[in-house]
Amino acid sequence: MTENTVAGLVCPLPESDTETIQLAHGGGGRMMDRLLQNIIRPIFDNEQLQRRHDGAALDVDAPVAFTTDSYVVRPLFFPGGDIGTLAVNGTVNDLAMCGARAQWFSVAMILEEGFPIASLRRIALSMRSAADETGVQLVTGDTKVVERGKGDGIYISTTGVGRIVARQPVGPERVRQGDVIIVSGDIGRHGIAVMAAREKLGFETPIASDCAPLSEPVLALLNSGINVRCLRDLTRGGLASAVVEIAETAGVSIVLQEKAVPVPDDVTAACELLGLDPFHVANEGRFVVFVAPEDVERAVPVLHRYPVSGNAAVIGVVEDGPAGRVSCVGSLGVARSIDMLSGEQLPRIC
Amino acid sequence: MKFRDEYRDAEAARRMVEAIARTVTRRWTLMEVCGGQTHSIVRFGIDQLLPDTITLLHGPGCPVCVTPVSYVDKAIEIASRPEVILCTFGDMVRVPGTQGSLSTARSRGADVRIVYSPTEVLEVARAEPQREVVFFAVGFETTAPANATAAIQARREGLGNFSMLVSQVLVPPAITALLAAPDNHVQGFLAAGHVCTVMGYQAYRPIAERWQVPIVVTGFEPLDILEGIYRCIVQLEQGRAEVENQYSRAVRRGGNAVAQAAMDEVFQVTPRFWRGMGEIPDSGLGLSAAYADLDAERRFGSVTAKQETRGECMSGLVLRGERKPTDCPAFGKQCTPDHPLGVTMISSEGACAAYYRYRIHQRQAVTESE
């Protein structure tokens, strides 16, 4: 049964006695206990969860990074991932951007009455497989059920803790004039994949989301002694919003080179068709890293060692200029402004 | 990317700019009609590559921008009825009417759905037979054929719960209206390539002749636009006023006959009120008598023309090409995409939105030097 198999994991237990989530599954009684016993605990089998305690007791002996995020996405399953992979990788990546290796995470799920239990199982298996990929462990969780029509199937919230491995602080405050900006790969796949799946746009070749854990290349950069000034994963709002946010916080100007920014042909084509700017399209497995100019030559090959950052490219520099100004030199050599996405991204009319 | 990158080639663009500079001997003012062309010009900085003697004015070719407030109000009123699902293209939901936009109506509970094509509206109508499904059909000649085809299909299937609130506009009458204005100073036009793929360019010949202006059917990529400008300037310098087709890879003289037949079957030419420009004779499309039963105005009451309110912004002047977005005192200060005062800032194809999006750093520089 493919439903129960994700990346080689097989759920050995029989289907539970109902096929859909019922309000009683959130009631704290037997049904809820059975749901946890039959679906959640077998998939995330570990000591902490077996203790069936109110929380996890963790042994922390070093500075840690701590992050939380919520996931709402329609459709729940899309080419290249699902809400479960997003929820785990999102938290792993947020910790990586703090210069930390993800160790533990919690999951809170809000389920809608009527949600298929098979889908819940599939999402939980995706989460387990994503967690295994980076070695992060689910240590505590919560489940609630809302009435039919009051949710979008499932909402997931994850919180993560990770040990900081960066030897010096990483953040916008360390960005200096002359720093070089590297993007870890081509941009725009996740946003277009989800939009195409949601709106049934039916592109000839489906575009797969770039959803992936970023900890490997980030930790490799930090461990190789490269002077990493700032890290930021590209999520909603895309490359543009991430870079503008850093320019504003750091109080610097940034100049990007349009030609240097890798955009896959199918993303370019979809953006042309829909009137979207790839710089504003969401990503879930890409980041920008600001490094000291003397370290660029070393940083790019480190990134190229990992498939997830195999197309890393130098895309711009930090320059002297007004705080928060980001411009991009276009194909004709004229600079244009780059701003954060304003409002929701809407397709044009003609 | 093939079929795109060659029209963005820096070296070819430089040669075209040089050709323009060699040709021009005096000041000329041109207008690009389409909002898509405006965006290309501002995004790639084409106006900044041209000699100072050439001024580009931005025309009214943004369908969202020219849709009158009264239609937006009507759409909101219809959408707010519990039995209605109102479908429209994305850009339209942000445009404010007298009281809020379709987006705010949605947050108050109206069932407003964004569609990518009119065929999706038919799917909604099929799936929800107990609801009234209203399609807010806006746009130029580019969207009219697909919108007409949806009406034909709905009729064929007998989808009794489908209707259309139509605010379709036509380009040639708007060009004539601009030329007829007493203070017009546009001397040549870049006509909108996509509109001409549907309609061809025969309709522009009488305009070029009557008003003695060159009209060059032009594409949307930087090199298309530069070539359109070059051809316009050559004509002006030689004292000619003809219709030329720069966008010959997509546009045929007679346009697309199948598309036109669908439009002719469903629509008829009507006078139309344009936001910022007032009423222009024969400049719109309404449902023809044969399709009148699909008219949402018949089912839910007709749109009542209201006086357009005058705000602090000058979007009307921008739409007529009389002012640049940066001439407006509110531009980038009280008026931004997050807090728009005028429709040209709201629509992604509006001229003010283009200037804001691509030229903020220049605006900052101006502010700093003040």
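Letters A, B, ... mirror the listed sequences (proteins, then strands); counts begin at 1.
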Subject >> Inter- and intrachain pairs under salt bridge (charged side-chain N to carboxylate O under 4.0 Å, His left out), touching residues 236-249 of chain A, at least two apart >> reply: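 Passing the test, one end in residues 236-249 of chain A: A:Arg232-A:Glu245.
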Original post:
Can you tell me if CZ on A:Arg74 sees more than 12 non-hydrogen neighbours from other groups inside 6.0 Å?
Top reply: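 For A:Arg74, atom CZ is not crowded (no more than 12 foreign heavy atoms under 6.0 Å).
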Subject >> More than 12 heavy atoms from other groups under 6.0 Å of CZ on A:Arg148 >> reply: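 Count not over threshold, so no.
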Subject >> Nearest heavy atoms of B:Ala10 and A:Ser331, plus distance in Å >> reply: CB-O, 3.2 Å
Original post:
So which heavy atom on B:Ala13 is nearest to which on A:Leu332, and how close?
Top reply: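 Looks like CB-CD2, 3.6 Å.
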**OP:** Calculate, to the nearest 0.5 Å, the distance between atoms CG and OG1 belonging to B:Asp5 and A:Thr268 respectively.
**Re:** 8.0 Å
Original post:
So how far is it from A:Asp339 CG to B:Arg359 CZ, rounded to the nearest 0.5 Å?
Top reply: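 With rounding to 0.5 Å, CG (A:Asp339) is 15.0 Å from CZ (B:Arg359).
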Original post:
Hey, is B:Arg43 close enough to A:Glu258 for a salt bridge, meaning N to O under 4.0 Å?
Top reply: yes
Subject >> Pair A:Glu199 + B:Arg113, salt bridge at N-O below 4.0 Å >> reply: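 B:Arg113 and A:Glu199: not salt-bridged.
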Original post:
Who are the side-chain hydrogen bond (donor to acceptor under 3.5 Å, both in side chains) partners of A:Arg176, not counting sequence neighbours?
Top reply: none
**OP:** Compare all side-chain heavy atoms of B:Tyr358 with those of A:Ile338 and state whether any distance is below 4.5 angstrom.
**Re:**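 No - every pair of side-chain heavy atoms lies 4.5 Å or more apart.
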Original post:
A:Met195 versus B:Tyr116: any side-chain heavy-atom pair under 4.5 Å?
Top reply: yes
